[in-house]
Amino acid sequence: MKILRWLVWVVCVLAGWHSAVADEIALKPFRIDSYRQILAESAHAPLLLAIWSVDCPSCLKDMKNLRALHEKHPELKIVMLAVDDGEALPEIRRIIGDERLAALDNWVFADENPEKLRYEIDPAWFGELPRTYFFDAAHRRTGKSGALTMDEFEAELAKLKH
């Protein structure tokens, strides 16, 4: 019985620790002009913009590759943008924490009109997820919809260097 109580206590402590860590994950509000801000902060440097949602299983698959890319290419700025509303903030933070992506630049839609925000990013994008944009140093971009393999990520990154 003592062992069972001890195990319950450990689980509770770990759950509280996980929750506290998730609460510390910084999320920037993505509003009109945020897209231009992100580009300006990465002037003359390659950039990867990964757009995702908590309700998108393919997005979650991409996250493992995004973490691997960050580890392999720490010089590459990777921006994560969750398109969920404010009610999803705890889940967004939990996923970012679980996937160990808190070190990236994390944003979340913060406007009542998500269509307007999507249009600002790309008028030809209709909201399919995941959506990944690869920007070269001159900020010419390539957009890809759907989950990408590690080889596909690497192939796109190789194009940025030319």
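- R141 and P123 make their closest contact through NH2-CD, 4.5 Å (heavy atoms, listed as atom of the first residue, atom of the second, distance).
- Atom-to-atom distance recorded for H73:NE2 and L160:CG is 10.0 Å, nearest 0.5 angstrom.
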Please test D122 against R118 for salt bridge (charged side-chain N to carboxylate O under 4.0 Å, His left out), starting from the C-alpha separation and ending with a verdict. CA-CA 6 Å; D122 183 352; R118 281 197 309 266; over 6 Å; no

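- With values rounded to the nearest 0.5 angstrom, E99 atom CD is found 3.5 Å from K64 atom NZ.
- The shortest distance between side-chain heavy atoms of M80 and L66 falls below 4.5 Å.
- Hydrophobic clustering of Ile, Leu, Val, Met, Phe, Trp and Tyr side chains at less than 4.5 Å, counting indirect connections, keeps I92 apart from V83.
- We find the CG-CH2 distance between L49 and W107 to be 10.5 Å, quoted to the nearest 0.5 Å.
- Residues V54 and L89 are members of one and the same hydrophobic cluster, defined by side-chain heavy-atom contacts under 4.5 angstrom among Ile, Leu, Val, Met, Phe, Trp and Tyr.
- L60 and V108 fall within the same hydrophobic cluster, defined by Ile, Leu, Val, Met, Phe, Trp and Tyr side-chain heavy atoms under 4.5 Å apart, directly or through other members.
- Here K72 pairs with E154 under the side-chain contact (heavy atoms from CB on, under 4.5 Å) rule; sequence neighbours left out.
- Residue S53 comes nearest to D84 through the heavy atom pair OG-OD1, 2.6 Å, listed as atom of the first residue, atom of the second, then distance.
- Residues R131 and S145 approach most closely at NH1-OG, 2.7 Å, considering heavy atoms.
- Under the 4.5 Å side-chain criterion, counting only non-hydrogen atoms from C-beta, T142 is not in contact with D136.
- Across all their heavy atoms, E152 and A147 have their closest contact at OE1-O, 4.1 Å.
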Pairs under 3.5 angstrom only: tabulate donor-acceptor contacts from the side chains of residues 36-44 to other protein residues two or more places apart or in another chain.
unit_1, atom_1, unit_2, atom_2, d
R36, NE, D33, OD1, 3.3
R36, NH2, D33, OD1, 2.4
R36, NH2, E120, OE2, 3.4
Q37, NE2, E41, OE2, 3.0
S42, OG, I38, O, 3.4

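- Between L129 and D55 the shortest side-chain heavy-atom distance does not fall below 4.5 Å.
- The number of heavy atoms from other shown groups lying within 6.0 Å of CD (E87) does not exceed 12.
- Classified by interplanar angle (parallel below 30°, tilted 30° to 60°, perpendicular above 60°), the ring pair Y133/F135 is tilted.
- A chain of hydrophobic side-chain contacts below 4.5 Å, direct or via other Ile, Leu, Val, Met, Phe, Trp or Tyr residues, connects M63 to I78.
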If you apply the rule side-chain contact (heavy atoms from CB on, under 4.5 Å), what do you find for K144 with F134, and how did you get there? CA-CA 8 Å; K144 299 281 184 177; F134 299 87; 4.0 Å; yes

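- Here the straight-line distance linking atom CG of L101 with atom NE2 of H70 works out to 8.5 Å at 0.5 Å rounding.
- When atom types are taken as modelled, the side chain of N106 and the backbone of L104 share a donor-acceptor pair closer than 3.5 angstrom.
- At a threshold of 4.5 Å between non-hydrogen side-chain atoms, the residues I32 and K116 count as touching.
- Taking each heavy atom of P74 and E71 in turn, the nearest pair found is CD-O, 3.8 Å.
- Membership of an apolar cluster is not assigned to Y119, as no side-chain contact below 4.5 Å to another ILVMFWY residue is traced.
- Interatomic distance, CG of L69 versus CZ of F153, reported as 6.0 Å (0.5 Å rounding).
- Side-chain contact between T132 and L148 is present, with at least one heavy-atom pair separated by less than 4.5 Å.
- The side-chain heavy atoms of F109 and L81, taken from C-beta on, include a pair separated by under 4.5 Å.
- Tested against Y35, the residues V79, L117, I121 include a single side chain to side chain contact (heavy atoms under 4.5 Å, CB included) partner, I121.
- Taking CD of E91 as the reference point, atom CD1 of I96 lies at 10.5 Å (rounded to 0.5 Å).
- The shortest heavy-atom contact between P29 and S34 is O-OG, 3.6 Å.
- Linking Ile, Leu, Val, Met, Phe, Trp and Tyr whenever their side-chain heavy atoms come within less than 4.5 Å puts I95 and L27 in one cluster.
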